[in-house]
Amino acid sequence: MPELPEVETVKNTLADRIAGLAITDVDVLLPKVIRVPVAEEFRRLAGGKTIRTLARRGKYLLFHLSGGLTMIVHLRMTGRLVYTAADEPPARYTHVIFHLDNGDQLRFADMRQFGRLALVENEAVAHFPGLKDLGVEPLAPEFTREFLQRELRRRRTRLKPLLLDQTFIAGLGNIYADEALHRARLHPQRPAHTLSARETAALHRAIREVLLEGIAERGTTFRDYVDGNGRRGGFQEKLQVYGREGRPCRRCGRTVERIRINGRSAYFCPFCQKQ
DNA sequence: AAGAAGTCCTGGGCGC
DNA sequence: TGCGCCCAGGACTTCT
């Protein structure tokens, strides 16, 4: 699932290739993946625009276009954005094709059809549903230990759901949340307000470390993720607990367990991460 | 008002 | 072998 490190990697791999290119035409093969405006308008507006720069906010990808427009993309579970030669046979589940003025293409594919694209005026980005309520960027300087301590103290919820709350910290998903908690030796069910200063510092450090290592490994390909060049990530080789139910914890060798918290699975080591 | 549940999807894993 | 069931999961909506 594309989380912060995967989206960052897609952004970086695509930026090298498409920044400065113009979109000559757009094929929308599955109109419902276009959130706004309606597919026909999306196509009309995107056509002729130049892709200036790419940015990321949480798990959202932002394409800053000429004409004061921004394309917002969320890959959700299985979405892919891949730069391809025009004669490349279309991958299964390709829903949108951007024709670029160098003859190549940018293709959006998504097996589960959860991912969404939107095209809005620059001024509307800050008001866009989902984007507008995003919390702090965990790799930005604003995400300090003091900030985390202040926030944890006033929340009664458990750590795992809190880390997945995009209005709190933007960009963590199930994989990196579980890995961060394991690295900080914190149980996913721990009530947020019960952490000591020392534990808070460990969590703060762990969140940043797992994300930075994820980016350094070019993301985690648990199943479907590929970057803007269609290449798999490498961080799946370094996962300590995620997806490892019944297998040994890579730190202590005891068996990794999986529990359900708010309908989401949480992998953890009951020895390293005591309640 | 926070927290929980329902919704969207389809490949893959499982039981029989 | 093959059928049917159910699960995974991010973010948004709806319910409590």
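Reminder, nothing fancy here: chain letters follow the sequence lines and each chain counts from 1.
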Report task. Could you tell me whether the phosphate oxygens of C:dG9, OP1 or OP2, come under 4.0 Å of any side-chain nitrogen or oxygen in A:Tyr242? Result -> yes
Query raised in the report: For C:dA11, does either OP1 or OP2 sit under 4.0 Å from a side-chain N or O belonging to A:His74?
Result: yes
Query - Whole-Å gap separating P (C:dG10) and CG (A:Leu162) - result: 15 Å
Query raised in the report: If only side-chain N and O atoms of A:Lys59 are considered, is one of them under 4.0 Å from the OP1 or OP2 phosphate oxygen of C:dG10?
Result: no
Requested in this report: Could you tell me whether the phosphate oxygens of B:dT10, OP1 or OP2, come under 4.0 Å of any side-chain nitrogen or oxygen in A:Gln113?
Outcome: yes
Report summary line: To the nearest angstrom, the CG-P distance between A:Leu134 and C:dA11 comes to 8 Å
Query - Aromatic stack A:Phe114/C:dG10: centroid gap under 5.5 Å, interplanar angle under 30° - result: yes
**Report entry** A:Arg112 side chain, from C-beta outward: closest of C:dG10, B:dC8, C:dG9
**Finding:** C:dG9
Query raised in the report: Within the structure shown, what part of the strands sits under 4.0 Å from A:Pro2 by heavy-atom distance: base, sugar-phosphate, or nothing?
Result: nothing
**Report entry** Under 4.0 angstrom between A:Arg92 side-chain N/O and B:dG11 OP1 or OP2
**Finding:** yes
Query raised in the report: Checking all strands, does A:Ser265 fall into the base, sugar-phosphate, or nothing category for heavy-atom contacts under 4.0 angstrom?
Result: sugar-phosphate
Requested in this report: When you get a sec, tell me which of C:dG9, B:dC9, B:dG12 is the closest nucleotide to the side chain of A:Lys32?
Outcome: B:dC9
Requested in this report: Look at atom CD of A:Glu88 and say whether more than 12 heavy atoms of other residues, nucleotides or ligands are closer to it than 6.0 Å.
Outcome: yes
Report task. Measure the acute angle between the ring planes of A:Phe147 and A:Phe168, then classify it against the limits of 30° and 60° as parallel, tilted or perpendicular. Result -> parallel
Query raised in the report: Taking NZ, NE, NH1 and NH2 as the nitrogens, is one of them in A:Glu199 or A:Arg190 under 4.0 Å from a carboxylate oxygen of the other?
Result: yes
Query raised in the report: In whole Å, what is the span from the OH atom of A:Tyr267 to the C1' atom of C:dG9?
Result: 11 Å
Requested in this report: Tell me what A:Met77 touches on the nucleic acid: a base, only sugar-phosphate, or nothing, going by heavy atoms under 4.0 Å.
Outcome: base
Query - Distance in angstrom units between A:Arg154 CZ and B:dG3 P, rounded - result: 10 Å
Query raised in the report: Which is true for A:Phe222 with a 4.0 Å heavy-atom rule: it touches a base, it touches only sugar-phosphate, or it touches nothing?
Result: nothing
**Report entry** Distance-only donor-acceptor test, A:Arg264 side-chain atoms vs C:dG10 base atoms, 3.5 Å
**Finding:** yes
Report task. First locate atom CG of A:Leu134, then atom CG of A:Asp165, and finally report the distance between them rounded to the nearest 0.5 Å. Result -> 10.0 Å
Query raised in the report: In whole angstrom, what separates A:Ile261's CD1 from B:dA5's C1'?
Result: 16 Å
Query raised in the report: B:dA2 P sits how many Å from A:Arg155 CZ, rounded?
Result: 9 Å
Query raised in the report: Are OP1 or OP2 of B:dG11 and a side-chain N or O of A:Tyr93 less than 4.0 angstrom apart?
Result: yes
Query - Ring center gap for A:His74 and A:Phe114 short of 6.0 angstrom - result: no
Requested in this report: Look at A:Arg35 and C:dC12 and indicate whether a side-chain polar atom (N or O) is within less than 4.0 Å of OP1 or OP2.
Outcome: yes
Query raised in the report: Considering residues, nucleotides and ligands other than A:Arg208, do more than 12 of their heavy atoms fall under 6.0 Å from its CZ?
Result: yes
**Report entry** Rounded distance (Å) that lies between atom P of C:dG9 and atom CG of A:Asn262
**Finding:** 13 Å
Query raised in the report: Taking atom C1' of C:dG10 as reference, at what distance in whole Å does atom CZ of A:Arg76 sit?
Result: 5 Å
